[in-house]
Each structure stands twice: as C-alpha cells, then as structure tokens.
Asker: 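Please see the structure below; I have some questions.
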Number of protein chains: 4
Amino acid sequence: MQIGMIGLGRMGANMVRRLQRAGHQCVVFDRSSEAVQALAKEGMTPAASVQEFVNKLSAPRAIWLMLPAAVVDASIAELTPLLSADDIIIDGGNSYYKDDIVRAKSLSAQSIHYADVGVSGGTWGLERGYCLMIGAQQHTVARLQPIFAALAPGVGTTPRTEGRSGQPSTAEIGYLHCGPEGAGHFVKMVHNGIEYGMMAAFAEGFNLLRHANVGNMSHGVDAETTPLREPEAFRYDIDVAEVAELWRRGSVVSSWLLDLTAHALQADPNLEGFGGKVSDSGEGRWTSIAAIESGTPAPVLTAALFDRFNSRGEADYGNKLLSALRYEFGGHHEKR
Amino acid sequence: MQIGMIGLGRMGANMVRRLQRAGHQCVVFDRSSEAVQALAKEGMTPAASVQEFVNKLSAPRAIWLMLPAAVVDASIAELTPLLSADDIIIDGGNSYYKDDIVRAKSLSAQSIHYADVGVSGGTWGLERGYCLMIGAQQHTVARLQPIFAALAPGVGTTPRTEGRSGQPSTAEIGYLHCGPEGAGHFVKMVHNGIEYGMMAAFAEGFNLLRHANVGNMSHGVDAETTPLREPEAFRYDIDVAEVAELWRRGSVVSSWLLDLTAHALQADPNLEGFGGKVSDSGEGRWTSIAAIESGTPAPVLTAALFDRFNSRGEADYGNKLLSALRYEFGGHHEKR
Amino acid sequence: MQIGMIGLGRMGANMVRRLQRAGHQCVVFDRSSEAVQALAKEGMTPAASVQEFVNKLSAPRAIWLMLPAAVVDASIAELTPLLSADDIIIDGGNSYYKDDIVRAKSLSAQSIHYADVGVSGGTWGLERGYCLMIGAQQHTVARLQPIFAALAPGVGTTPRTEGRSGQPSTAEIGYLHCGPEGAGHFVKMVHNGIEYGMMAAFAEGFNLLRHANVGNMSHGVDAETTPLREPEAFRYDIDVAEVAELWRRGSVVSSWLLDLTAHALQADPNLEGFGGKVSDSGEGRWTSIAAIESGTPAPVLTAALFDRFNSRGEADYGNKLLSALRYEFGGHHEKR
Amino acid sequence: MQIGMIGLGRMGANMVRRLQRAGHQCVVFDRSSEAVQALAKEGMTPAASVQEFVNKLSAPRAIWLMLPAAVVDASIAELTPLLSADDIIIDGGNSYYKDDIVRAKSLSAQSIHYADVGVSGGTWGLERGYCLMIGAQQHTVARLQPIFAALAPGVGTTPRTEGRSGQPSTAEIGYLHCGPEGAGHFVKMVHNGIEYGMMAAFAEGFNLLRHANVGNMSHGVDAETTPLREPEAFRYDIDVAEVAELWRRGSVVSSWLLDLTAHALQADPNLEGFGGKVSDSGEGRWTSIAAIESGTPAPVLTAALFDRFNSRGEADYGNKLLSALRYEFGGHHEKR
C-alpha cells in the first residue's frame, strides 16, 4: 500500500527502506532536503514540502511521523488543514501517551484518525525488524495492518512459546494492538522503564565484579574511612568481558542487553571511551510518573532512573548538605 | 575421565547424565538409595556409602558435591579423612564464597584441592548445558577441563560477539575460570543478584501494565484516598500475555526471563496459581552484602531483594508504625 | 483584621479559633450548618450561604479556604462571581502547586489576588501554632501579614539558630513568603515528602529492632528458605517503646516524629490496633513527580512512597510474577 | 565511684569531664601523653602505661574504652592479662555488635564482664549529656548504674510522654539496658541507620527545593536531553536557609537534624565549603547487613547508604556501562 513518512532520521529512513523492500510505496519528507534526496535515490517518492507531500498521497492517506517528541504537535498542526476525512496520522516517535489522548480527541473532530505506535528496534531494526506497540481504534489498525506486518520482525527464528498453537498471533509476528489511542505509547513507555531496570541490574552487577579486588587496594586509615573488615574476601581480579561472554550461554540472565554488554566489554573492558554521565529520555520518567499516579510500586525502575540523574551530578547539593550535617553534629571533616 | 558425584537431586542427577553422555565414568552417591539406584539403572556406578564411593574412585580423585549449602561442610568433613593428597573436592552448589576461602585453606593443609563452581541452568541444563563459573587454582582447573567442557553448553547456536576471532575462549563454550577459590561462587552470586534485578524490572513493568485500567475502577472518596487526578489516562485493559510475546521479537528487553514470562502468562495471565510470597536464596542476599562491604552502590539489586522480604509480610510492623504515626500527628484513621 | 474562612473541619475550625484569640474578626462558612453554629457559639460571625458569607465581609476581602483539594476549584468558581477587584482568595489546603499557578493566572484576569499557603501543624496547631509556607505576590503577603503572624507559632521557646541576630525573620516566627503563586504549596509538598522519608526511616529502624530476635524463631528447613547463617547474632528482645523514649534524649534522631513514636509505642508496643495498610496523600506523590520532572534524584523519598503503595497490596501481581518465574526456571514451588 | 577511661579523644575526654563533674573518680590513659596530661591538669588521675592504669584502679575495676573500633580488640588483649575476676570492660566506641558477642564469650572464660555501650551525643554531649544504649548482663549494668546516670542527659527539659507516670524509667533519664552483650551496639547501629535515612530525607528535600528553578535555566535541545515539559512549573528561587528555619517551628519535620540544617544553611546556603563526597561509617553498613541477614526490608535506609557510596564515585564504572549500552543499542553518544 501507499504510505507517507515525515522524519527521515536514523529511525525513519530505515523504516522506509524496510517498507519499500516489502513492496510498499513510500512518499517521504523531511526538513532536510538532503535526507529526502538520499531516499529518492533509493527509489522513494520525494516531497519538497508538506503540501507536496500531502498531494502525492492518495486519500484516504496514511501518514507516519517519525519525529522528535517535541515537534510532533507542530507537525500535526501543519498537516491537518491539508488532510481529508478518514486520513490517518501515525505518531511512531516517543510521545507521552497522554499527548496521544489529547491529539486523538482533537483530530477526531475533523474525522482524522490517529494511531500511536511505540517502536523498538533502534539501529538494528532495518535487518531485525521493528517491534510495534499500537494504540488506535480497531478500524485504523485494520487499515494499517500491511504496514505493521512489513515493519515487524515476523515469526523468524524465535522459538514458539510452549502452549501456543494454531496461527501465530500478531504479537508473535511482532506487532500488537494494545488498546485505544495512547495504549501503544503506554506499553512502549513501560517497555523502556523495564529496560532501565534491566540495564541498571547489569550496571550494578558488573560494577560489583570490578570492585571484587578492593581488598588489594590500600585504604586510608582515618576516622572518615570505614575499613574493609575482611580484605581477604575481596581479592579477585575478574575478567568482566569473559564473564559477560560466559553468561550468554545457558545462564538465567541471557538477554539482548547482555549480548550488547559482551560486545562493549570485548571492545574495551575499562570503558574508557565513556565518562559515565548517563542520559535519560522521557519514557523512563513517564514510567515512574505513571506508577506514582496509578499507585503502583516501582522502586526498582525508579531507582534506576534516579541513578541516571545522579550520574549527571544532580545529587550534588544534597550530598553537600550531608557532609555539612556530619560536620555539624560530629565535627567530621569531609574527605578530599 | 572418572568423576564422583555426591548429591543426586534435580541438579546433580541431570549433571551426571550429561557427563555420562559425554563419555565420562560417573560414580554416584546420595543419602537416598533410591536416587542412587535410579542412576545405577542408567549405567552409573552406584555407591552405598561414602566409604564405598571413595573406594570406587581411583586416586587422584575428583569429587563433585551437588548439595544444599547447609550440608556441604558436613559432607566435606566426612569425606576428607578418606581422601588422599591431590584429590579434588568440587562444590557445585550455592555456597557463600567466603566459605570457599575457608575450606580451600583448610583442605590445602592436607594437600587436597578445592574448586567452587557456580552452576546456572536449572532444570533446563541437561539439554541446554550448564553455564559454569569456576574458582580454583590453575592446575585444578586444568585437571577438570574435560568435565567442565562436557557440562558446558558449547559454542552452540549463540551468535559470536562481533570483534572476537580465532579459537573460542572457554567462556564462549560456557565455562570460565574466574579466579582463585571463591571466585566461582562470587561470580555466580553476582549473576543471581543481577537476576533479581531483572526479574524485579519485569515484575514492576507488568504490574504497571495491569494497573493501566485503574481509571475504570471506582475509588473511595475520603480523606485517606488520594484521588486519581486524570482517570482518563488510565483506562487501558492491556493483554499482558500478548505484550510479553510481542517483546520477545526485536525489542530491547528480549531475554530468557522474558521468554519464561511469556510462557507463564500464556498459561495464566492472572497468575492465579501463585500467592505472591516470593522466596529468596542466599546469593541475592550475599550480593547486596558484598556490595555494602566493598562500598559499591547496588540500589536496584537491593531494592529487588527487599521487595521479596516485603512480599512475605516482613515489613508489616514498620507499616503499622507508619499508620500509628499518621494517627498521632493527623488523627488519620487507617483504611480497612 | 477581618477574615473569612470557608471549611470548618478539624483544621479550619481550630485556625479560626487561633485567629479569634489574636483579636481578628472571623466570618465563617461551611456546607455543614452544624459546624457553622458551633463556631457562632464561640463568637464567630456565621454565614448561612456563600452569598451571605461574601456580604458579611468588607471589601477588599480576605477569604481563606480550608477545604479538601478536590473541591477547591468548585468553591473558587462559586465565589468569584461574587467578589470584587482586590479581594484575596487564600487556599490553605493541600492543593497541587501546579493548580495554584493556573488559578492565580485565571483570577488575576478579574483583579482578584491569590495566595497558596501550605499549613503544617495538624491537630496540634491550635496550641502550638501553624507553620505557614506562602506563595503569593508581595503586596498580597503584606496585606495578610497580621493573619499569618496570628496563626504562626511565634518565636516561642525554640532556641535561636547560632549566627542569627537582630529582629527575628518571619521564618523564625513561623511563616515564610516562599515565592510567587504555587511556591507555598511547593515548599509544603517537599516538606511532606521529607516527612515520608523520615517516617520510613523510623519504620524501618523499629521494624529491624523487632526482628532482632529472629535467631530465636524456628525456621523452615527447605530449599525455599534461606537459613539464618548466624542465629546467635539475632537473639535480642528489644523493648522498642523504651528505645524510642531513650532516643528522645540527646540522640541524633531526636525529633517530633520520634516523640510521636514514643507515644504510640508506649500505648501499645505491638501496635495491634493497626493493620499496616498505609495511606498516602497527594503531596508525597507530587514530591516524587516534581523530582522526576526536574531531574532531581529522590530515591529515598520515593522508596518511602512506593512502600506505602506496597503496604496496600499494590505489588501483588508483580510478586506473583516473580513466583511464577522462579517456578519456570527452577521448578521452585512457592511457600504457603 | 571509680572508673578508668582509655581513649581520650573528642568523645572520651568530654565523657571523663562529665563524669568528674558528677563526682566520679577518673583514672585516664591514652597513647598520647599530651591527652593524658591535659586531663591531669583538670584533676583526673593520669596513667603513663596500661600497667599503671590498671594498678591505679581498685578491683573490681570498671574500665571504659573509648577507642576507634579497629583497635579495641588489641586494647582488650593488652588489658586482660592484667585484670582480675569480676573486673568490667566497657566498649563505648562504635564496634560491630557481633564482635561484642565474641568478646563477651571469650572474657567470660576469665570471669571478666563485658558491656557494650552505644553512645550518641557527639561533640555536644559534654553539655547535653550522652544517650546510652547498653548491652550487658544485668549485674554488670547494676554495678555501672552510677556511671550511666552521670553520663546521661537526665530527665531535663524534654516533655514527658503522655501516658507515662510514676518514677521516670532509665530511658527517660537517657540510658537503657537493651539486652545481653551486643544489644547496646545493635540498638546504636539501628539508631545510626535511621540517622542515615533521616539525613537523606533532608538532603533530597532541600536538593529538590534548589531545583525548583530549573525552568529558568536554558537546557540543551538535543536527542540526549529530556526537555522540561512544563518549565513554568519550575520557576521558584527558594530561600532554603529560611525554609529550614521555618520548619523548626510547628512542622512535622522538626528535629535536631533540622536544627543543624538550619545552622549550616544560615552560615552558607550554597554549602560551598563542601565537595559532596560523603563518608559513611560502619553502623550504616551494618544496619543494612543486619536487615538483609534477618530478612527485614530496609529499602530507605539502604538507599541512603548507597547514595553515600555513589557520592564518592563508586558507581562510575556502572554508569559507564550504561552509556556504553545506550551507544550499543541506539547509537546514542554520551553528553559531555
């Protein structure tokens, strides 16, 4: 079928390529004409403006936005006056699901349909396929089904879950209609929240493996340093790259994140190319906020989020206050 | 080669089977003569007593203990008078790595060698192979190499990590000499700590998905209930079994634990067969203790551990105190 | 000066009493005519309707709302058509500070001023005075200064902070202009967030003291129970009521919350009158949300919040999933 | 009565002074002869060696050690050959309570009694008195009662807890026999654990108040920075020193730690004299370890502990791994 794509960055461009390979006709637009030209050379239909983009699509249209969350609303505002009833706008970026609810309501007044699609797959998706979490009305999902099927990984080599039989469900192919508008980004949000927790689990574990030799280090002997009670229990120099490799085989923590850990540590076990200031994106924050708003405990996911803030120095003032209090009540001078 | 196995439970019996398949000669002993007889029927050499077990092994012996951590020391105490210099005792159970350090030192006085082997694989290991984390002196590892190779999963179908070349390392085959005595259980301990964190990440995420419909529930309207500010944002009935299935394909959280989640939820998305009192084993505790002792932050892994305690009612008295304090300062009556 | 009070519950009624004692003239209204009559008998000017209430106040008016957060907007909507330019509406309840920003902006279009006042003091405020955190424009604070001074505790017996000299600041008297509209509830919100953290610290500490005798308990000996390694280290029967009393004198944790703990434990060290389902109110949630939104780590305050959710059973589904996973990978059966 | 004190540092010297003021005869020793001479000038009986110290005390002796935890065992080893049956050794330092259990058992073989006393009071104790948590046999406590009463704050000005009547308990005077040997340090350990949690609550809260103006800051607009959704909600410049002062009056968080916070912020609201590398001492660690060993949830206290480790850079390697993983799966480049 025909589909329009606005936003031809890392994600959008590869998704168009995957759609084209599956035989779909793709009209493409981006603020960067270079990005448009690059895909034109690969056979996609280029558009030089939003107006031209809309014109090149036959109604009822399906328009996929693959844009930074901050500019989605502006893009929709620019598009809508040009659209017709029954057109579909799909936001495949990382929007806050509450924004989807507002947008869907507003667009429905003009009989424009809305779908929010959480997309997982990153830079690997062109080859592996994209895992799609979809929020929309049922009829919208039905119309877009060929697109979703093309983007999704397919049944592939993943072994079937024991107990399942018959035709594979769409989830087994790699896309899922999660519920009405917002549901796709809600599920994607939680996915990323889980990702934060899993990443933190590996980070803490490998960090502890690196600390397994602290008994060999000399420590200050002063009132401000807690001595290691049993230095003989911390004299291991663990080869973390080999451990990551090992755990890829037959262990309970086998996972794609572990595969990536093994790759990163194989290249540089000391990770010297990194400074340790860890970014976070909206989804991690929204997961914790959704947990708080709905009264759901999420201590592990939220601790993982706060540790990212902490890595960027955002706890500094609080830490200074702790040192100040230790000085106040105990005359403790801070270590330098 | 010849190997003796003491402890023929779920793990030990299957490990012996895997060793036999690889051509090793296995002498087996267990307090349960039934367990011994069962393996005798499969061709293993049975022993009716520890003495007979030792006699049937040719020196220098290799004796693998696959026992509950609580009885390992007693078993070693019973064995050692019967052993000769250069025999090896291997503890493949879930011992605390500090115990390994003590045992190795004590056995070395009699020229008996000690190896601690953390084994991951659970009930799946017979077919998938066991991931082995080994602490021992180099010469001990060298002698046991055929055993480790037979138990390990082998290179198998796991794709090779990009950047690696040449002969596979032992980690790529599925076993790793992590360091001197204790190092194997140390690495296994951290492995389980990571497992706790990953499991908690999934548990919190799926729990949040289940709470996505709280806007549809009626809530008490009283001073003790925080009203949901935006009920319209929590009106999703998410099919968690399909979400788990979906994420197995192309998502960042793909993992063996997710495969198991998909299986468990496919069988019963409401998990009604479970009460939610979650056990923990030593390794999870020791990971957090090792983190504290070595001054390594592990907030995520430790929160996961404490939540297990909490699930078993161990926070109750503290919670009562919170309610009591709310009554003290605000006259708040606890909800029933 | 003259002041109107709407909302004569536990807080509002006592605040009016304290204002009257200081010589202020109080016009009072509440949906419950009983509450109005009770204060009328104590000499306050009663109003039978909102209209009468407004009429009995001379312009420019000062109207203090002491209402549940959920009804404040409705009350303001009812009031505003009856008010004149330069009247002041004060929200002394537990509103979300973001609502204050919206209200202030909306009211300013009618030249009505707005103040948000976070009030701490609970049932003790009539005698101890109320600690007031104020968000408003400077001129609004100036007009209300006599009211704030009357409600506040005053310099009282609190020893002056070393290094301060001259006239006491208003903070030393017990009220503070924290910033423009919303700032009062923002500071109150953080106050309550800190309160959650402190309460959790006491709850966890006293719970641990109660667990100091677990070495005397018999524990199950099965694969699902981690044995206590050193039962001899947990054989203390601590008298928690006496410990709370002790710490009130000269210890670092001396605090009003500890005084309340001592009182609660003196009455019943087993806290049998409480079930341990701990409520939370908006402020605790908003503190954590503000932390997340502003990128500020708040792991301790947020863990305290999540533990309240947990106490009400909101982690149950997640816990069931953990048990299900343990069964999946290890064949572990849940303990009953 | 007569008492010997070994260890004349900040704590020991002031405790001796307080004992002397109460009429007790104090024999003093320290490795530093200057410290001994200083107290000799104040009228204490000096000793130039451990032997002389023991000789100057009449049997049965009471010897109080006020030493760094790391040297207590050596000091006891030096003392014991010189002591007689029925002498008492008191460890008033910050020992691990498990060490007390071992020492008491070992000393009892020579009929020497042991008491462990957790002492809170810091540099303020000389004037305020010391809060004493005592672990010992009943008869030992009885003999030392005059010493404990002299060191304790006394009933003082702390208002009596409602519901108590009759003679004040010793807890009301400021000392408590908590249980057999180890119980004193156990209770002191938990006290310090609670202190960590309370301090963290204040640190996080004041840090959040300082972040209340992040809406006024310019933020990077790039894929690695989560934009502030509502900058207008974070435009407050809060005067944290005045807030701390305010909360000292009538608020729920009133506490000695808040008094100290007010003092520290009054001197320098930016806390520029501190770097934010926060030390921790044994008690905080042991509290969390005791919680883990006894299966007691302590997520708040432990998060507070881990944040101290984090403040000293101990999470760095884990953070680098997080950045590395973000690069692996998303091509995200770390912010500098």
Side-chain angles (χ1 to χ4, degrees), chain B residues 96 98 161-163 189-190 193-194 196-197 200 250-255 277-319 321-322 325-326 328-332, chain D residues 96 98 161-163 189-190 193-194 196-197 200 250-255 277-319 321-322 325-326 328-332:
Chain B
Y96 194 18
K98 293 183 183 180
T161 296
E162 199 193 309
M189 169 187 85
V190 175
I194 293 173
Y196 277 40
S251 99
V252 174
V253 302
S254 298
S255 54
K277 293 194 183 304
V278 190
S279 293
D280 72 286
S281 60
E283 288 95 341
R285 299 184 177 194
W286 301 327
T287 300
S288 291
I289 290 174
I292 293 169
E293 291 181 337
S294 64
T296 311
V300 160
L301 306 188
T302 308
L305 176 70
F306 284 137
D307 281 337
R308 293 195 178 189
F309 297 170
N310 201 337
S311 79
R312 304 197 303 257
E314 300 293 355
D316 288 0
Y317 184 77
N319 290 334
L321 182 56
L322 293 175
L325 286 173
R326 298 187 81 247
E328 288 280 329
F329 66 68
H332 302 290
Chain D
Y96 194 18
K98 294 183 182 179
T161 296
E162 201 193 307
M189 169 188 85
V190 176
I194 294 173
Y196 277 41
S251 100
V252 174
V253 302
S254 297
S255 55
K277 293 194 183 304
V278 191
S279 292
D280 71 287
S281 60
E283 287 96 341
R285 297 184 178 196
W286 300 328
T287 300
S288 292
I289 291 175
I292 294 168
E293 290 181 338
S294 63
T296 312
V300 160
L301 306 188
T302 308
L305 176 69
F306 284 138
D307 281 337
R308 293 196 179 190
F309 296 170
N310 202 336
S311 79
R312 305 196 302 258
E314 300 293 356
D316 287 0
Y317 184 76
N319 289 333
L321 182 56
L322 292 174
L325 286 173
R326 297 188 82 248
E328 289 281 329
F329 66 68
H332 301 291

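Residue numbering restarts at 1 for every chain, and letters A, B, ... go by the order of the sequence lines. Fair warning: this is a prediction, and the values are worked out from it, not measured in the lab.
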Asker: Minimum heavy-atom separation for B/Pro297 to D/Glu314, with atom names?
Answerer: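 Closest approach of B/Pro297 to D/Glu314: CD-O, 3.3 Å.
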Asker: Could you pull out the closest heavy-atom pair between B/Phe306 and D/Thr296, with the gap in Å?
Answerer: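 Distance-wise, the nearest heavy atoms are CE2-O, 3.4 Å.
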Asker: In terms of heavy-atom pairs under 4.5 Å, which option from D/Ala298, D/Pro299, D/Ser294 contacts chain B the most?
Answerer: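 If we count pairs closer than 4.5 Å to chain B, D/Ala298 comes out on top.
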Asker: Just so I understand: if I count every heavy-atom pair under 4.5 Å between each of B/Ile292, B/Asn310, B/Asp307 and chain D, which residue has the most?
Answerer: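 If we count pairs closer than 4.5 Å to chain D, B/Ile292 comes out on top.
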Asker: Under a 4.5 Å heavy-atom cut-off, does chain D meet the side chain of B/Leu305, its backbone, both or neither?
Answerer: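 It is the side chain, since no backbone atom gets that close.
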Asker: To check you understand the geometry: which heavy-atom pair defines the closest contact between D/Arg285 and B/Glu293, and what is its length?
Answerer: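 Shortest heavy-atom contact: NH1-O, 3.5 Å.
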Asker: Which answer fits B/Thr302, side chain, backbone, both or neither, if we ask what part of it has an atom under 4.5 Å from a heavy atom of chain D?
Answerer: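 Contact with chain D is through the side chain of B/Thr302 alone.
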Asker: Identify which part of B/Ala315 has an atom lying under 4.5 Å from any heavy atom of chain D, answering side chain, backbone, both or neither.
Answerer: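 Both backbone and side chain of B/Ala315 come within 4.5 Å of chain D.
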